[in-house]
Enquirer: 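Could you have a look at this structure, given as structure tokens, before my questions?
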There are 2 protein chains.
Amino acid sequence: MNELEIFKALSNQTRLQILQWLREPEKHFPPQGHSFTEVGGCVGQIQQKCGLTQSTVSEYLALLQRVGLITATRMGQWTYYKRNDEAFEALGKFVQSTL
Amino acid sequence: MNELEIFKALSNQTRLQILQWLREPEKHFPPQGHSFTEVGGCVGQIQQKCGLTQSTVSEYLALLQRVGLITATRMGQWTYYKRNDEAFEALGKFVQSTL
DNA sequence: AAGATATATCGGTTTTTCCCGATATACCAA
DNA sequence: TTGGTATATCGGGAAAAACCGATATATCTT
């Protein structure tokens, strides 16, 4: 867990927003073929809610994945991104007891 | 608590380091006239350990204070900065249960 | 008041981040 | 294979952050 890189990833309003959507994907995205709790939400749906371009959102998601905050699952032509609960748990502990 | 601004403040290796020093100032700074647990550490001592210029460190500390992570106490010609425990507690909870 | 010390603020250069359009890649369907 | 859709990557202009030196302010000492 690279805390500095994680905090950089969290230093953007849109990315914070995305993470909060992915916390409860069933409340924020329209019904889809795959289980929200299994795979999360896909790039296209996230992009629509952001209002930013596809390339920007794709890069944001790749960044969040690179630092370990979310995980990716490719299913056919879709990539689903899901919140990584353990990472947030660990980061919360780090903030409280190390930082 | 503005989480975005807090994460921006945490997106810098030196500032992370400073916060970890201020977590246990008695272990990281030489003996001083005032109680570490009361007031924390002063700018000059922090600057020496950083290796950055006085102006940069002063700005970093002002930034950390602005977002609420540390508090300042002016005593004579010295300003002491101290970790704000409640802020880290709240941020850790936010990371785990909201983000 | 004058000089010394500690900290804060200001102006500017360099580096990094934001966000885009264009294009590439991957997968699917006919 | 050809075309359509979803996502990823690349190159770059604009905005923000990093960090500095110079200077201002505040406080102490004499």
Side-chain angles (χ1 to χ4, degrees), chain A residues 2-19 21-22 25 29-34 39-67 69-82, chain B residues 2-19 21-22 25 29-34 39-67 69-82:
Chain A
N2 185 332
E3 293 85 11
L4 176 58
E5 292 308 312
I6 292 180
F7 289 132
K8 285 185 186 173
L10 296 175
S11 295
N12 176 278
Q13 188 65 67
T14 303
R15 290 193 295 264
L16 285 183
Q17 181 69 82
I18 291 172
L19 290 172
W21 289 333
L22 288 181
F29 302 111
Q32 64 183 24
H34 301 288
V39 299
C42 76
V43 182
Q45 297 297 336
I46 296 170
Q47 190 227 322
Q48 281 199 319
K49 285 184 75 82
C50 287
L52 299 179
T53 62
Q54 184 272 324
S55 64
T56 298
V57 175
S58 177
E59 276 173 9
Y60 281 5
L61 291 167
L63 170 59
L64 290 171
Q65 184 200 13
R66 193 155 52 244
V67 302
L69 291 173
I70 60 179
T71 58
T73 311
R74 181 91 191 199
M75 307 204 55
Q77 44 195 333
W78 291 275
T79 305
Y80 293 88
Y81 285 97
K82 186 181 122 190
Chain B
N2 184 332
E3 294 85 10
L4 177 57
E5 293 307 312
I6 292 179
F7 288 131
K8 285 185 187 173
L10 295 175
S11 295
N12 176 280
Q13 187 65 67
T14 302
R15 289 192 298 263
L16 286 183
Q17 181 69 81
I18 290 172
L19 290 172
W21 289 332
L22 288 181
F29 302 111
Q32 66 182 23
H34 300 288
V39 297
C42 76
V43 182
Q45 296 298 337
I46 296 170
Q47 190 226 323
Q48 282 198 320
K49 286 183 74 83
C50 285
L52 298 180
T53 64
Q54 185 272 324
S55 65
T56 298
V57 174
S58 177
E59 277 173 7
Y60 281 5
L61 291 167
L63 170 59
L64 289 170
Q65 184 199 13
R66 193 155 53 244
V67 303
L69 291 173
I70 61 179
T71 59
T73 312
R74 181 91 191 199
M75 307 205 54
Q77 44 195 335
W78 291 275
T79 306
Y80 292 89
Y81 285 97
K82 184 180 124 191

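No hydrogens, no waters, no symmetry mates; every other heavy atom, side chains included, goes into these values. The sequence lines fix the lettering, A, B, ..., with proteins before strands; numbering per chain opens at 1.
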Enquirer: If I take atom CD in residue A:Gln13 and atom C1' in nucleotide D:dA16, what distance separates them, rounded to the nearest angstrom?
Expert: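 Value for this atom pair: 16 Å.
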
Enquirer: Using the six-membered ring wherever Trp is involved, compare the ring planes of A:Phe7 and B:Phe7 and label them parallel, tilted or perpendicular (cut-offs 30° and 60°).
Expert: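 A:Phe7 and B:Phe7: parallel rings.
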
Enquirer: Taking the nucleotide of DNA chain C with the nearest heavy atom to each, does A:Met75 or A:Thr14 sit closer to the 5' end?
Expert: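 The 5'-side residue here is A:Thr14.
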
Enquirer: Quick one: are B:Leu69 and B:Tyr81 in side-chain contact, heavy atoms under 4.5 Å?
Expert: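 Not in contact.
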
Enquirer: Considering only heavy atoms, which members of residues 41-52 of chain B lie under 4.0 Å from some atom of DNA chain D?
Expert: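 Correct list: B:Leu52.
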
Enquirer: Indicate yes or no: at least one non-hydrogen side-chain atom of B:Val67 is less than 4.5 angstrom from one of B:Leu10.
Expert: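 No. Closest side-chain heavy atoms not under 4.5 Å.
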
Enquirer: When you compare the side chain of A:Thr14 with that of A:Tyr60, does any pair of heavy atoms fall below 4.5 Å?
Expert: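 Contact flag for A:Tyr60/A:Thr14 side chains = yes.
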
Enquirer: Which whole-number value in Å describes the distance from B:Asn12 CG to D:dA18 C1'?
Expert: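 After rounding, the gap between these two atoms is 7 Å.
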
Enquirer: Nearest 0.5 Å, what's the CZ-OG1 distance between B:Arg74 and B:Thr79?
Expert: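 Reported to 0.5 Å precision, the distance equals 4.0 Å.
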
Enquirer: Using a cut-off of strictly less than 4.0 Å between a heavy atom of the residue and any atom of DNA chain C, enumerate the qualifying residues of residues 54-65 of chain B by number.
Expert: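 Under 4.0 Å from DNA chain C: B:Gln54, B:Ser55, B:Ser58, B:Glu59.
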
Enquirer: Could you check how far CZ of A:Arg74 sits from P of D:dA6, rounded to whole Å?
Expert: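 Interatomic distance, CZ of A:Arg74 to P of D:dA6: 11 Å.
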
Enquirer: Just wondering, do A:Gln32 and A:Val39 contact through their side chains at under 4.5 Å, heavy atoms?
Expert: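 They are in contact (side-chain heavy atoms under 4.5 Å apart), so the answer is yes.
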
Enquirer: Expressed as a whole number of angstroms, how long is the span from B:Ile6:CD1 to D:dA17:P?
Expert: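 From B:Ile6 CD1 to D:dA17 P: 15 Å.
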
Enquirer: Whole angstrom is fine here: how far is it from CD in B:Gln77 over to P in D:dT27?
Expert: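 It is 10 Å, rounded to the nearest whole Å.
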
Enquirer: Using only side-chain N and O atoms of B:Thr79, determine if any of them is under 4.0 Å from OP1 or OP2 of C:dA8.
Expert: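 The answer is yes; a side-chain N or O of B:Thr79 sits under 4.0 Å from OP1 or OP2.
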
Enquirer: Is the closest side-chain heavy-atom distance between B:Cys50 and B:Gln17 below 4.5 Å?
Expert: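 B:Cys50 does not reach B:Gln17 side chain to side chain.
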
Enquirer: Using whole Å, what does the distance between atom C1' of nucleotide D:dT27 and atom OH of B:Tyr80 come to?
Expert: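 So the OH-C1' distance, B:Tyr80 to D:dT27, works out to 13 Å.
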
Enquirer: How many Å lie between CZ on B:Phe29 and P on C:dA6, as a whole number?
Expert: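 Answer to the nearest Å: 16 Å.
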
Enquirer: Which part of the nucleic acid does A:Tyr81 contact within heavy-atom distance under 4.0 Å: base, sugar-phosphate only, or nothing?
Expert: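 Contact class for A:Tyr81: sugar-phosphate only.
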
Enquirer: Atom NZ of B:Lys8 and atom C1' of C:dC18: how far apart are they, to the nearest Å?
Expert: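 These atoms are roughly 11 Å apart.
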
Enquirer: Supply the atom-to-atom distance A:Asn12 CG to B:Leu4 CG, rounded to the nearest 0.5 angstrom.
Expert: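 Here the interatomic distance stands at 7.5 Å.
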
Enquirer: Taking the side chain as everything from C-beta on, heavy atoms only, tell me whether A:Thr73 gets closer than 4.5 Å to A:Lys82.
Expert: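 Not touching, per the 4.5 Å side-chain cut-off.
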
